[in-house]
Undergrad: 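Pasting in a structure now, in C-alpha cells, and then I'll have a few things to ask.
For reference, positions follow the sequence shown, starting with 1.
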Amino acid sequence: MTSRSVNFDDDNSGVDLPPARLTVGVISAGRVGSALGVALERAGHVVFGVAAISDESVHRAQTRLPDSVILPVEQVAARAELLLLAVPDAELPGLVRGLAASGAVRPGTIVAHTSGANGVNVLAPLTDQGALGLAIHPAMTFTGHDEDIDRLANSCFGITAADEIGYAIAQALVIEMGGEPVRVAEDQRTLYHAALAHGSNHLVTVIVDAVAALRESLAGPGVFGQQTVDDQPGGLPERLIAPLVSAALDNALRRGKSALTGPVARGDVDAVAAHLDALENVDDRLAAAYRAMSLRTAELAQTNPALLDLLAKEGR
C-alpha cells in the first residue's frame with residue numbers, strides 16, 4: 001500500500017499522514033456512518049466491511065456501500081486500518097469498552113468516532129492499547145437520503161485529537177471528504193455540541209410549531225384555486241413561511257442580532273400580548289414556547305422594558 005506524507009518542518013516534526021488508500025471499517029451503517037463511508041470511498045479509500053444490525057441499516061449498507069461486506073463488529077474492527085465508530089452518543093462508551101475487552105482493534109489502527117458530544121477521552125480504552133483516537137463530527141443533519149452525502153462537501157467537521165499528529169490526520173481525512181476541519185478542544189466538546197443542537201434541533205421545533213399555528217389560521221375555504229390546508233408536510237403553510245424563514249436565517253448568519261425584526265424587537269407590548277392569547281387558544285405548550293423565545297429575543301434586542309416585564313411575569 002502506497003503511503004503519502006506531509007512534512008511539517010516548521011513545527012520541528014515530520015508527520016506521516018494516513019496512507020492514500022486506507023482499509024476502512026464502519027461500525028453502524030446508520031445515516032451518518034453510511035454517508036461518511038461513501039465520502040471516504042469517493043476519496044479513494046476502501047470500505048471493506050460494515051457492521052449493520054437492523055433491516056434498515058442492512059439495506060442502507062447494501063445500497064450505499066455495495067462493495068462492502070456486512071460483518072460482525074469484531075471482524076470489522078480486526079481488519080480495519082481506519083475504524084469509523086458511527087453509533088449514537090449514548091452507545092459510544094459501551095462500544096469502545098467492548099472493543100477493548102475483545103482485543104479486536106490492532107495497535108496503530110486509526111479509530112475515529114462521529115459523536116459531537118465526545119472528544120477523544122472516550123476512546124481511552126482503545127488508545128491505551130495502541131490505537132490512534134480521533135473525534136470527527138460532521139456539523140450537519142442527516143436524513144438518510146442521498147442529499148446527505150452531497151451536503152458533506154459544504155460542511156464543517158469538529159475535530160479533536162490528543163496531539164498534533166492526530167490533528168493532522170483528522171484534518172487530512174476531513175479535507176479528503178470535501179469538508180472543512182474545525183479544531184475543537186477536548187474540554188469544549190459539550191459546549192460545542194450544545195450550541196449545534198440548540199441552533200439546528202430547536203430550529204426544527206420552532207418551524208414545526210409555526211407551521212402548526214399557520215394550519216390553524218388558514219383552516220376553511222380559501223381563494224379560488226387555493227390548495228386545501230391539511231396535515232401533510234410540504235403544503236400551503238410551508239410554502240407561505242419558507243421565504244420568510246429562509247431570509248431570516250440568512251440575515252441572522254450575515255448580520256447577527258441586528259437582523260432581529262418584528263413586534264418583540266420593536267417592543268410592541270400589545271401585539272405580543274395578542275399573540276400569546278391567540279396561541280393559548282390553540283395550544284398552551286405552543287404559547288409557552290413562543291413566550292420563552294420572545295423573552296430571549298427581547299433580551300437580545302434590549303427592547304421595551306414593559307415588554308420584558310410582561311414576558312417575565314407570564315413566564316412565572
Undergrad: Taking side chain to side chain contact (heavy atoms under 4.5 Å, CB included) as the criterion, tell me which of Thr127, Leu173, Leu84, Leu123 meets it with Leu134.
TA: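 That would be Leu173; it is the only one of Thr127, Leu173, Leu84, Leu123 passing the side chain to side chain contact (heavy atoms under 4.5 Å, CB included) with Leu134.
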
Undergrad: How close do Ser68 and Val47 get, counting heavy atoms only, and between which atoms?
TA: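 Smallest heavy-atom distance, with atoms named: CB-O, 3.2 Å.
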
Undergrad: Can you name the nearest heavy-atom pair linking Arg189 to Ile159, along with the distance?
TA: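 So the two residues come closest at NH1-C, 3.9 Å.
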
Undergrad: Could you check whether atom NE2 of His202 has more than 12 heavy atoms from other residues, nucleotides or ligands sitting under 6.0 Å from it?
TA: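 Buried by this count: over 12 neighbours within 6.0 Å.
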
Undergrad: Assess whether salt bridge (charged side-chain N to carboxylate O under 4.0 Å, His left out) is satisfied between Glu164 and Arg183, documenting all intermediate values.
TA: CA-CA 11 Å; Glu164 293 306 316; Arg183 186 166 178 154; 2.7 Å; yes

Undergrad: Quick check for you: to the nearest 0.5 Å, what is the distance between Ile241 atom CD1 and Leu236 atom CG?
TA: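 It comes to 11.5 Å.
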
Undergrad: What's the separation between atom CG in Asn154 and atom CD in Glu180, rounded to the nearest 0.5 Å?
TA: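 Asn154 atom CG to Glu180 atom CD measures 10.5 Å (nearest 0.5 Å).
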
Undergrad: Is the number of heavy atoms from other residues, nucleotides or ligands under 6.0 Å of Ile175 CD1 greater than 12?
TA: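 Counting neighbours around CD1 of Ile175, more than 12 heavy atoms of other residues, nucleotides or ligands fall under 6.0 Å, so yes.
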
Undergrad: Between Val73 and Leu95, is any pair of side-chain heavy atoms under 4.5 Å apart?
TA: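 Result yes, sub-4.5 Å side-chain heavy-atom pair found.
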
Undergrad: With heavy-atom distances below 4.5 Å as the criterion, would you say the side chains of Val50 and Val76 are in contact?
TA: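 When only atoms from C-beta onward are counted, Val76 and Val50 do not touch, as no gap falls below 4.5 Å.
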
Undergrad: Honestly curious: do Leu36 and Ile169 fall in one hydrophobic cluster under the side-chain, below-4.5 Å linking rule?
TA: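 Yes, it is one cluster - the side chains of Leu36 and Ile169 are joined through contacts under 4.5 Å.
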
Undergrad: Is the closest side-chain heavy-atom distance between Val96 and Val111 below 4.5 Å?
TA: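 Val96 does not reach Val111 side chain to side chain.
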
Undergrad: If we ignore angles and hydrogens, is there a donor and acceptor under 3.5 Å between the side chains of Glu81 and Thr23?
TA: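 Yes.
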
Undergrad: Just wondering, do Val182 and Cys156 contact through their side chains at under 4.5 Å, heavy atoms?
TA: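 SC-SC contact between Cys156 and Val182 confirmed.
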
Undergrad: Grab the two heavy atoms, one from Asn118 and one from His113, that are nearest each other, plus how far apart they are.
TA: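 Looks like O-CE1, 3.1 Å.
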
Undergrad: Group every Ile, Leu, Val, Met, Phe, Trp and Tyr by side-chain heavy-atom contacts under 4.5 Å, then state whether Leu132 and Ile27 land in the same group.
TA: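 The answer is no; the residues belong to distinct hydrophobic clusters.
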
Undergrad: Is there a path of hydrophobic side-chain contacts, each under 4.5 Å between heavy atoms of I, L, V, M, F, W or Y residues, that connects Leu83 with Leu92?
TA: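 Same cluster: Leu83 reaches Leu92 through Ile, Leu, Val, Met, Phe, Trp or Tyr contacts under 4.5 Å.
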
Undergrad: For Asp187, does the CG atom sit with more than 12 other heavy atoms under 6.0 Å from it, leaving out its own atoms?
TA: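 Buried by this count: over 12 neighbours within 6.0 Å.
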
Undergrad: Is any side-chain heavy atom of His275 closer than 4.5 Å to a side-chain heavy atom of Arg291?
TA: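 Side chain of His275 against side chain of Arg291, heavy atoms only: no contact under 4.5 Å found.
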
Undergrad: Does Ser28 reach the main-chain N or O of Gly33 with its side chain, forming a donor-acceptor pair under 3.5 Å?
TA: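 No, Ser28 side chain to Gly33 backbone: no donor-acceptor pair under 3.5 Å.
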
Undergrad: Is the count of non-hydrogen atoms from other residues, nucleotides or ligands lying under 6.0 Å from Glu299 atom CD greater than 12?
TA: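 Yes, because the 6.0 Å sphere around CD of Glu299 holds more than 12 heavy atoms from other groups.
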
Undergrad: Treating Arg106 as the side-chain partner and Ala80 as the backbone partner, does any N or O pair qualify as donor plus acceptor under 3.5 Å?
TA: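 Yes; judged by distance alone, with no hydrogens or angles, the pair exists.
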
Undergrad: Quick check: do Met177 and Leu40 have side-chain heavy atoms less than 4.5 Å from each other?
TA: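 They are in contact (side-chain heavy atoms under 4.5 Å apart), so the answer is yes.
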
Undergrad: If you look at every heavy atom in Leu218 and Leu240, which pair is closest and at what distance?
TA: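 Closest approach of Leu218 to Leu240: CD1-CD1, 4.1 Å.
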
Undergrad: Could you see if Leu82 belongs to whatever hydrophobic cluster contains Leu126? Use Ile, Leu, Val, Met, Phe, Trp, Tyr and a side-chain cutoff under 4.5 Å.
TA: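 No, no single cluster joins them.
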
Undergrad: Output yes when Arg64 and Glu41 qualify as a salt bridge under the 4.0 Å nitrogen-oxygen rule, no when they do not.
TA: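 No.
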
Undergrad: Enter the distance from Leu276:CG to Asp284:CG here, rounded to the nearest 0.5 Å.
TA: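 Between Leu276 CG and Asp284 CG, I get 11.0 Å after rounding to 0.5 Å.
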
Undergrad: Can you give me the closest heavy-atom contact between Leu307 and Gly267, atom names plus distance?
TA: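 In this case the closest contact between Leu307 and Gly267 is CD2-CA, 3.8 Å.
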
Undergrad: Looking only at non-hydrogen atoms, find the nearest pair between Ala139 and Tyr192 and report the distance.
TA: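 Shortest heavy-atom contact: CB-OH, 4.3 Å.
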
Undergrad: Roughly how far apart are His137 NE2 and Ser155 OG, rounded to 0.5 Å?
TA: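 Answer for the NE2-OG pair, His137 versus Ser155, is 10.0 Å.
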
Undergrad: Group every Ile, Leu, Val, Met, Phe, Trp and Tyr by side-chain heavy-atom contacts under 4.5 Å, then state whether Ile165 and Tyr167 land in the same group.
TA: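 Yes: a chain of side-chain contacts under 4.5 Å links Ile165 to Tyr167.
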
Undergrad: Tell me whether the count of non-hydrogen atoms from other residues, nucleotides or ligands lying under 6.0 Å of CD in Glu186 goes above 12.
TA: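 It does: Glu186 CD has more than 12 such atoms within range.
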
Undergrad: Main chain of Val184, side chain of Thr160: is a donor-acceptor contact present, judged purely on distance under 3.5 Å?
TA: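 Confirmed, Thr160 side chain pairs with Val184 backbone.
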
